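The block underneath contains the structure these notes are about, expressed in structure tokens.
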Amino acid sequence: MPKVPLWDLPELPQNQLPLHLQLQKTRVSCNNDAPTNTENVTYSGAYAALGVDNSLRLDEFRNNFKVKVIKLNEEDMEFDLIGIDASIANAFRRILISELPTMAIEKVLVANSSSVVQDEVLAHRLGLIPIKVDPRLFDYMSENDVPNEKNSIVFKLHVKCERKSGERLTVYSHDLEWLPSGSEYVLPTENSSESKPKTYTSFTSSQVSLPEFANNPITVTPGIIISKLAPGQEIELEAHAVKGVGKTHAKWSPVATAWYRMLPEVVLLQDIEDEDAQKLVNKCPVNVFDIEDMGKGVKRATVARPRACTLCRECIREPGWEEKVALRRVKDHFIFTIESTGALPPEVLFTEAVKILEDKCESVITELS
């Protein structure tokens, strides 16, 4: 191909990059061997020779940033974060997993346990049961605090498998009974002549009397197997839940998972028709492509479901198909998924994560100023 003199090249509009540089800046190219252009171009003078200012501007960020909810129910949420860097998306993911508080069982007082499950394992299983309560209604409990109705939740579990039944008994999470008045176990004290013996909690009033719990009793996620009892075996215990965050222990993490991926972009570089179109449709295991009838017996391949692309690269695996199909990822468009454990709805988890990130930014600004 003959070289074109510089003065014969077409002029570009101001602040606009050539197509190949724009693709390198905004897309990850997923080739057959490995992805390319994975790095972000953050240097303000990266395209200074072309008269393009690559600086980050707050007004441009405000205009480009969007949140689009794709799917929402009580358990999970899928939404698009558009116009942000991968570091911000990852900040949301890390905050959701490790910095949003929930209530989880921390202390287990075992009165009787004759099951085959050791007490330590039993306590660990109880700690991982999600508690359906808004953690914002409770306070953190430090080492110097005493358990009270504002920082603790107490559950009781007393299950016995009768010998006459002859069958094993399965103990489920919904067998846990909420004790709104606090612990029922008497605290061992030196003075046993007290009229009202002290228990392991110092509740001054029942949690039922609080307006937030009057018509909304505290429950746990049902259907989780805790143990199985043989005839004659018994479990009797109290479980005390406190407020914490996931970076202390995974039992306080409010999400089953929180993850994101860049938006797939599947482009047909040329018309793919007839037998090649059918071959392309058969290649894809997630049904990204479809066939459109163009009339006069001509059938053409189309990209019907690009979001479903998992980057398996089956469509470009064979030689020659990379010239027909281009697989890309949009660098500033993320498909984010949140699966809640049940303590809070997923949309509330995301808004709380935004508040925490905002507080972190304000702390950094305060330290720098």
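In what follows, every heavy atom counts, from backbone to side chain, and hydrogens, waters and symmetry copies are set aside. Position 1 is the first residue of the sequence, and the numbers go up from there. Here the structure is a predicted model, which means the values were calculated and not measured.
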Under-4.0 Å salt bridge between E78 and K68: no

Pairing residues for E167 by the salt bridge (charged side-chain N to carboxylate O under 4.0 Å, His left out) criterion, not counting sequence neighbours: none

Side chain to side chain, V303 and V267, heavy atoms closer than 4.5 Å: no

Short side-chain to backbone donor-acceptor contact, S369 and I365, under 3.5 Å: yes

Closest non-hydrogen atom pair between Q16 and V52, with its separation: N-CG2, 3.8 Å

Heavy-atom pair with the smallest gap, counting every atom of L311 and C30: CD1-CB, 3.2 Å

Test item: S98 side-chain N/O and I95 main-chain N/O as donor-acceptor pair under 3.5 Å: no

More than 12 heavy atoms of other groups within 6.0 Å of R317 CZ: yes

Any side-chain donor near an acceptor of the partner, K25 and N54, under 3.5 Å: yes

pair V117-I226: side-chain heavy atoms closer than 4.5 Å: no

Pairwise side-chain contact, H240 with I105, heavy-atom cut-off 4.5 Å (strictly under): no

Inter-residue atom distance T219.OG1 - E177.CD, 0.5 Å rounding: 13.5 Å

Beyond-backbone contact of L100 with S253, side-chain heavy atoms, under 4.5 angstrom: no

Under 3.5 Å donor-acceptor, N90 side chain and A86 backbone: no

Close aromatic pair by centroid cut-off 6.0 Å: F350 and F79: yes

Main-chain N/O of W252 paired with T102 side-chain donor or acceptor, under 3.5 Å: yes

Test log, rule side-chain contact (heavy atoms from CB on, under 4.5 Å), inputs V266 and F289: CA-CA 9 Å; V266 183; F289 304 99; 3.7 Å; yes

Pairs flagged by salt bridge (charged side-chain N to carboxylate O under 4.0 Å, His left out) wherever residues 212-237 is involved - sequence neighbours left out: K150-E212

Derivation of the side-chain contact (heavy atoms from CB on, under 4.5 Å) call for V325 and L280: CA-CA 10 Å; V325 181; L280 180 62; 4.2 Å; yes

Results of side-chain hydrogen bond (donor to acceptor under 3.5 Å, both in side chains) for W178 - residues two or more places apart only: Q207

Exam field: side chain Q233 to backbone A230, donor-acceptor pair closer than 3.5 Å: yes

D175 side-chain N/O to V171 backbone N/O, donor-acceptor pair under 3.5 Å: no

Distance (rounded to the nearest 0.5 Å) between F213 CZ and I153 CD1: 6.0 Å

Same cluster (ILVMFWY, side-chain, under 4.5 Å), L157 and L179: no

E99 with R94: basic N within carboxylate O range, under 4.0 Å: no

Side-chain donor or acceptor of R125 paired with backbone N/O of I225 under 3.5 Å: yes

Non-hydrogen side-chain atoms of P35 and R313 separated by less than 4.5 Å: yes

Value rounded to 0.5 Å, distance of CD1 in I356 from SG in C361: 12.0 Å

Closest non-hydrogen atom pair between N287 and C284, with its separation: N-SG, 3.5 Å

Over 12 non-hydrogen atoms of neighbours within 6.0 angstrom of CD in E75: no

Interatomic distance, S206 atom OG to E149 atom CD [nearest 0.5 angstrom]: 9.0 Å

Inter-residue atom distance D59.CG - N63.CG, 0.5 Å rounding: 6.5 Å

Residue pairs passing the salt bridge (charged side-chain N to carboxylate O under 4.0 Å, His left out) test where at least one lies in residues 337-358, sequence neighbours excluded: R136-E352, E352-K355

Hydrophobic cluster membership, V242 vs L126, 4.5 Å side-chain cutoff: no

Salt bridge (charged side-chain N to carboxylate O under 4.0 Å, His left out): pairs with one or both residues in residues 240-254, sequence neighbours excluded: E106-K251

Within 6.0 Å of CD in E39, more than 12 heavy atoms from elsewhere: yes

Test item: L344 and P135 side chains (from C-beta on) under 4.5 Å apart, heavy atoms: yes

Pair N40, T42: side-chain N/O donor-acceptor within cut-off below 3.5 Å: no

Joint hydrophobic cluster, I70 plus M262, side-chain heavy atoms closer than 4.5 Å: no

Salt bridge present between R329 and E265 (N-O < 4.0 angstrom): no

Heavy atoms of other groups near R62 CZ, more than 12 under 6.0 Å: no

Same apolar cluster: L237 and L187, side chain cutoff 4.5 Å: no

Other residues, nucleotides, ligands: >12 heavy atoms within 6.0 Å of E362 CD: yes

Between OG on residue S142 and CG on residue N151, distance to nearest 0.5 Å: 8.5 Å

Distance-minimising heavy-atom pair for S55 and S44: OG-CB, 3.3 Å

N/O donor-acceptor pair under 3.5 Å between S340 side chain and G342 backbone: yes

Salt bridge flag under 4.0 Å for residues D274 and R300: no

N-O pairing of R307 and D80 below 4.0 Å: yes

Minimum-distance pair of heavy atoms, taken over all atoms of V286 and C309: CG2-CA, 4.3 Å

Minimum-distance pair of heavy atoms, taken over all atoms of P180 and V208: CB-CG2, 3.4 Å

All side chain to side chain contact (heavy atoms under 4.5 Å, CB included) counterparts of T36, not counting sequence neighbours: S29, N31

Whether over 12 other heavy atoms sit under 6.0 Å from Y185 OH: yes

Main-chain N/O of E184 paired with E238 side-chain donor or acceptor, under 3.5 Å: yes

Side-chain donor/acceptor of R27 to backbone N/O of Q22, under 3.5 Å: no

Derivation and outcome, salt bridge (Lys or Arg N to Asp or Glu O under 4.0 Å), residues K324 and D276: CA-CA 10 Å; K324 301 177 182 179; D276 284 345; 3.5 Å; yes

ILVMFWY network linking V110 to L176, side-chain heavy atoms under 4.5 angstrom: yes

Heavy-atom side-chain proximity of K279 to E318 below 4.5 angstrom: yes

T302 and I291, any side-chain heavy atoms less than 4.5 Å apart: no

